[in-house]
Amino acid sequence: MTDTLNELSSKYCAREIEKEIYEFWEKNDFFVADNTSPKPSYSIVIPPPNVTGVLHMGHALDGTLQDILIRYHRMNGYEVLWMPGCDHAGIATQNVIEKNLAKEGLTRHDLGREKFLEKTWAWANDHKNRILEQFKLLGASFDLSRKRFTLDKGCSDAVKKVFVDLYNKGLIYKGNYIVNWCPRCQSAISDVETNYETQEGSLWEISYALKDEMGAIVIATTRPETMFGDSAIAVNPNDYKYKDLIGKSCVMPLTGRVIPIIADDYVDKSFGTGALKITPAHDPNDFEVGLRHNLPQIKVIDEKGCMMKNEFVPPQIQGLTREEARKKTVEMLKEHQVLVRITPHTHNVGTCQRCGTTIEPLLSTQWFVKMKPLALNAIDAVKSGKIKFIPQRWEKNYLMWMENIRDWCISRQLWWGHQIPAYYHKETGEMVVALENPDPNNYTQEKDVLDTWFSSGLWPFETMGWPDTNSNDYKKFYPTTTLVTGFDIIFFWVARMISMGLEFTNVAPFSTVYIHGLIRDEHGQKMSKSKGNTIDPVDLIEKYGCDALRFTLTSLCTYGGQDIKISDERFEFGRNFANKIWNASRFVLSNITKSSNELKDFGELSLADKWILNELNQTVKLVNENIKNYRIGEVASVLYEFFWNKYCDWYVELSKIEKNEAVLVYVLNAYLKLLHPIMPHITEAIYQKMLQKIDDENSKNAILFAKYPQYDSKFDYIEESKKMEMVFETIKSLRNLRAEFNIPLSAKINIVVDNNEKLFLSIAPYLNRMAKVDDVKFDKESNIEKSAYCTVFDTKITVPLADLIDINQEILRQKKKIEKLEPELKSISARLNNDKFINSAPSDVVDKTKERQQELLCQIDLIKQTIKKLS
RNA sequence: GGGCGUUUAGCUCAGUUGGUAGAGCGCCUCCCUUACAAGGAGGAUGUCGGGAGUUCGAGCCUCUCAACGCCCACCA
């Protein structure tokens, strides 16, 4: 290690240390996994960040949690692999490149597919390294020697094989269906990529004249412009209003086309006019109705969202955008006096998840995955407990979606992605689905590419060498152990990984899915660039340090996986803690005078030594339990509490008068290891310094590999700890007394105790140091005028203060204490007087309550005596 | 329409099998006591959203109401 680490600098400079430490780990290849290791394996695949992006707070949280689990298991003797990589992010990336082209006034068609892809690859190559570099700032201990990309050769081969196999099994099909079409992205998208937005619209009622007779039928629609694609009018078969019209025909306004009136259960009698126009090519429900009644599918809107130029669309409307067409159509309907009524109507409109454009349901030829058969095993895996969600409530969410799953539209009319491995004969049009083009001279490949999530769904095994199931990585690290991600991609990603993993590897790709909350701004709003409320984790790292960021985020994780609200200032919490650790360690290490050999032996243990060893041991126990149960926030608070409020506030302070170097160092050493998964850099930096003074076996000279502390019953010093609590209570009471009477520390005080003689005499030095007590005396019947009093458990402490205090003030002080204690005594006594409580409460609770009652009685009694004497 | 979450100190939130509440920040008083002012000592603050029930006992369990948020569904 270099010079900065030889001395712990008096000022804690997080970034300097963190950079140096990360380099130290990386140079030594500490993160590289050994697939031949005899150790049990623990593996995590990173949710591959998009190559479009930069590190954001979501990554920071997700990455931190994964790194904590990885480091914890590494220290617990597992061969760990954290697999890094990036996602090509089909639509998202293509959109970015197209936006850049648009700045030059170009479209992707101006470049052509080949040139466009070249440009996109250049971008991707640049960005996929950039974001992983940023992950390093988080201290990520992932194995970069294995980093993968969803479009690399291995992944592409896996994608092809999966596609061909699914096709051959009949689980992939190509067909003409209504899909969600984004007119801006110029592609189909899947159901999960469609968001719904509530919009204020109108319900237009339009009168269609009956054919060959008087009268008309009035229909209600929210999209008048689609009327040119109508194939029928539908009514409910049980609707008496329209009973006589079923089977007749009507004449469409504006175009004069004749369409039938049909009956279908789908129609809701009570909505609108109870009559509905059926447009099979532009509405998913109408599409179904159309199939049932064998209606023609008339396309009137094209892929750009414009009205088509065909015989169905009136010339005035042709070529208009959807929005323009709606206006114009309504105008024309008014002119023809067939617009009966317009009522305001709020409804949900589908929008593209990527660009926000209103979705056009469009009849189109696409590729689909039959999900129902794949979902069966995926449902079973969770129901049987092979895969466990943390928190468990997400299982319900997952199961509900899986049980109602619909087919997945996987083809995208994009250029950036895995081109579908289907080949068409140039002359005959015959289609072949195969790993390779059967004859490049006569066959051309399908132009469409696959949904990004198709390859992401294979991520846990395509990165491990699959389909080569004999590869060492696959054998050692697949299936992976834990998947860590946010709830927003359970359907997109987690569900598909489970389905695909089970189908192709016959095993669940991971056994635990750890779902954390989303990061939000201080007002609870989702962070987004457009809102301008993002906080850049890189800025936070520069300002507060990576360990501070990690610790703060960790401390904000709740077991229920609640969303996390953050603001810049919140990270002072972690920074302050890091600073505390740094300074305390500096103090401890600079106070080591003994040799490494001498430090191996605790020697004789004082009350304080036993107390801190006991506290440490309890902390070790809690930390291990909580990590194993994914209560990561609890881990942070247990670690914080121990170090700051136990070790620093008391033990280190007491060590200034009487120190056991061996224990002082032992506790710090163990603590650094406990904390290392959360705050890796600072703990490694201090540990390195510590190694210059102590021997520590089994650590390979890096805390990264040190054995994680485990609970050891030999450190259960329960009795001693109780005594120590009494010491602390005494000190606190005396400090309180000083504060209330404004007695400066320069004014020494003496005390007289009436109980626990031995203990108090032995802790005199502690009292001296911590409460500036000059002299401790024992006297069962102390009777000193002008004194203040404290009661600590069963001991009355008299503090002669002569003229320093006003006796009346002291009487008031004591009365206040009683006022505080009495309500509790009252309620406890009431409980103990209740036979039902005595009989039905568990005996240990009854005992405890009795004990507390005695304690309160004793204290109140002591205080009352005191008041009497003072009066 | 269905499901889920949240409601606890001024703010942000913890609270693991039910035994009358905690942290951080903020606030008040005092302290540069040589590890740390990114600090130390002391202090104030809550009918745990409303109501009902189960229980000897409810922040925690049951029911109900209310407010806010999220997800799914998508009747034109």
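Chain letters run A, B, ... following the sequence lines, proteins first, then strands; residues in each count from 1.
In this structure, of B:A35, B:C74, B:A76, it is B:C74 that holds the atom nearest to the side chain of A:Asn348. Listed nucleotides: B:A73, B:A76, B:C75. Nearest to the side chain of A:Asp268: B:C75. Here B:C71 is the nucleotide among B:G39, B:A76, B:C71 with the atom lying nearest to any side-chain atom of A:Phe491. For A:Arg735, taking side-chain heavy atoms from C-beta onward, the closest of the listed nucleotides B:U12, B:A76, B:A41 is B:A41. With distances taken from any side-chain atom of A:Asn583 to the nucleotides B:A35, B:C70, B:A14, the minimum falls on B:A35. Residue A:Leu276 has its side chain nearest to B:A76 when only B:U16, B:C74, B:A76 are considered. Across B:A14, B:A76, B:C36, the shortest atom-to-atom separation from the side chain of A:Val267 is found for B:A76. When each of B:G19, B:U16, B:A38 is scored by its nearest atom to the side-chain atoms of A:Asn576, the top-ranked nucleotide is B:A38. Which of B:A44, B:C75, B:C70 sits closest to the side chain of A:Phe487 comes down to B:C70. Side-chain proximity of A:Asn834 to the nucleotides B:C56, B:C71, B:A38 is greatest for B:C56.
Summarising the base pairing, B:C63 is matched to B:G51 through a Watson-Crick or G-U wobble pair whose two defining distances lie under 3.5 Å. Pairing partner, B:A41: B:U29, with both Watson-Crick or wobble hydrogen-bond distances short of 3.5 Å. Pairing of B:A76, defined by two Watson-Crick or G-U wobble distances under 3.5 Å, is not identified with any nucleotide. Here B:C4 sits opposite B:G69 as a Watson-Crick or G-U wobble pair (both hydrogen-bonding atom distances under 3.5 Å).
Looking at heavy-atom distances under 4.0 Å, A:Arg831 makes contact with a base. Using a 4.0 Å heavy-atom distance criterion, A:Lys565 is classed as a sugar-phosphate-only contact. Residue contacts for A:Asn736: at a heavy-atom cut-off of 4.0 Å it reaches the sugar-phosphate backbone alone, with no base atom in range. Nucleic acid contact for A:Glu197: none, since no nucleic acid atom lies under 4.0 Å from a heavy atom of the residue. Backbone-only contact: A:Arg406 has heavy atoms under 4.0 Å from sugar-phosphate atoms and none from a base. Using a 4.0 Å heavy-atom distance criterion, A:Pro842 is classed as a base contact. Heavy atoms of A:Trp644 sit under 4.0 angstrom from primed sugar atoms or phosphate atoms, though from no base atom. Contacts of A:Phe573 with the nucleic acid, taken as non-hydrogen atoms under 4.0 Å apart, involve only primed sugar atoms and P, OP1 or OP2. Looking at heavy-atom distances under 4.0 Å, A:Asn629 makes no contact with the nucleic acid at all. Contacts of A:Thr221 with the nucleic acid, taken as non-hydrogen atoms under 4.0 Å apart, involve only primed sugar atoms and P, OP1 or OP2. A:Arg575 comes within contact range of at least one nucleobase, with a heavy-atom separation under 4.0 Å. Using a 4.0 Å heavy-atom distance criterion, A:Lys772 is classed as making no nucleic acid contact. Across all strands shown, A:Gln562 has heavy atoms under 4.0 Å from sugar-phosphate atoms exclusively, and none from any base.
Between the side chain of A:Asn397 and the base of B:C4, no donor-acceptor pair under 3.5 Å is found. Under 3.5 Å, the side chain of A:Lys656 and the base of B:A35 form at least one donor-acceptor pair of N or O atoms. Contact of A:Glu653 with B:A35 (side chain to base): a donor-acceptor pair of N or O atoms is detected under 3.5 Å.
Close to B:A44, at under 4.0 Å from its OP1 or OP2, lies a side-chain N or O of A:Lys820. Within the structure, every side-chain polar atom (N or O) of A:His347 is placed at least 4.0 Å from both OP1 and OP2 of B:C74. The side chain of A:Lys396 contributes an N or O atom lying less than 4.0 Å from OP1 or OP2 of B:C4.
With no hydrogens or angles considered, no side-chain donor-acceptor pair links A:Thr273 and A:Lys241 at under 3.5 Å. The closest side-chain donor-acceptor pair between A:Tyr208 and A:Asp230 falls under 3.5 angstrom. Remark: the A:Thr279 side chain and the A:Lys277 side chain contain an N/O donor-acceptor pair separated by less than 3.5 Å. Judged by distance alone, the side chains of A:Ser231 and A:Gln297 never bring a donor and an acceptor atom under 3.5 Å apart. A:Arg586 and A:Asn583 form a side-chain donor-acceptor contact under 3.5 Å, judged by distance and modelled atom types alone. Side-chain contact annotation: A:Asp568 with A:Tyr544, donor-acceptor N/O pair under 3.5 Å present.
Comparing A:Arg631 and A:Val845 by the nucleotide of RNA chain B whose heavy atom lies nearest to each, the residue mapping closer to the 5' end is A:Arg631. The 5' end of RNA chain B is approached more closely, in terms of each residue's nearest nucleotide, by A:Tyr12 than by the other of A:Tyr12 and A:Lys277.
Seen from the ring of A:Phe587, A:Lys656 counts as a face-on cation partner, given the 6.0 Å and 45° thresholds. Geometric assessment of A:Arg326 against the ring of A:Trp204 yields a negative cation-pi assignment under the 6.0 Å and 45° thresholds.
Comparing the C1' positions of B:C56 and B:A14 gives a spacing of 29 Å, expressed to the nearest Å.
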